[in-house]
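Right, one structure below, let's go through it.
Atoms considered below: every heavy atom in the structure, side chains included; atoms not considered: hydrogens, waters and symmetry mates. Whatever order the structure lists them in is the order used to number ligands and atoms, beginning at 1.
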Amino acid sequence: MNIHDLLVQARTCRRFTGDYLSPEFLASLVDCARVSPSARNDQVLRFAIVSDPAACERMNSLVVLGGALTPEQRAKFHQHPRGFIVILGPEKTSDFIMMDTGIAAQSIHLAAAEAGVDSCMIGALNKKEVAALLNVPEGLTVYLGIALGRADEKRRLAEPRPDGSLVYYRDGDDVHCVPKRKLEDILIIRR
Ligand SMILES: Cc1cc2nc3c(=O)[nH]c(=O)nc-3n(C[C@H](O)[C@H](O)[C@H](O)COP(=O)(O)O)c2cc1C
């Protein structure tokens, strides 16, 4: 599959099914982040993997998946994530750490998608509680969570809504729809 097709397919997923992901698989995703670009090649990020079912359930209670969905549209208990990766780093020193975090997250997201595993980056997480749960070493802080598992929902790209809204939604068939702007609306300068 070419990279554009993979990016179209790799929609954020919030309802999961199947086995819990193995620590080896989660570590292989972190290895994809490891070889990704890093500002000044400082490689300040660190990673935690969560594969133990009870720890995953605890993690799930500390994150918000699908804040724009109704409670009925969110994951039921049996659809909770089957693994987590948490991106850690030193207290923010410059904007570069946020960029490194995004790049690492996207590498993980795409590597997972290529392996048939879907994911959801999570900024809405209780960082203090997550740090306590994972016993994060002094001097490191939580930047981003990533929930993973095999999808138990259909997702597709959509046009922006008639009122211009870009908020994701479920259609009448319970398919998760993700409006994206058109290329001509974002590519504003061609010289
Ligand atoms: C930095 C970042 C943080 C995000 N945080 C959350 C989150 O806390 N909860 C959630 O359900 N989705 C979160 N998302 C997923 C976005 O909602 C999702 O990317 C967006 O709806 C577009 O859908 P798509 O990824 O399928 O293109 C986050 C995405 C990014 C890039």
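- Each of Thr101, Ile97, Leu140 was compared with Val44 under the side-chain contact (heavy atoms from CB on, under 4.5 Å) criterion, and only Ile97 meets it.
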Does the pair Arg82 and Asp19 meet the rule for a side-chain contact (heavy atoms from CB on, under 4.5 Å), with working shown?
CA-CA 7 Å; Arg82 298 319 204 246; Asp19 292 340; over 6 Å; no
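- Within 4.0 Å of ligand 1, counting heavy atoms only, the contacting residues are Arg11, Thr12, Arg14, Val64, Leu65, Gly66, Cys120, Met121, Ile122, Gly123, Ala124, Tyr168, Val178, Lys180.
- Distance alone, capped at 3.5 Å, places no donor-acceptor pair between the Tyr20 side chain and the Asp52 backbone.
- A distance-only check finds a donor-acceptor pair linking the side chain of Lys76 to the backbone of Glu72 [under 3.5 Å].
- Checked by atom type, the side-chain pair Arg15/His176 shows no donor-acceptor distance below 3.5 Å.
- A centroid separation of 6.0 Å or more is found between the aromatic rings of Phe16 and His80.
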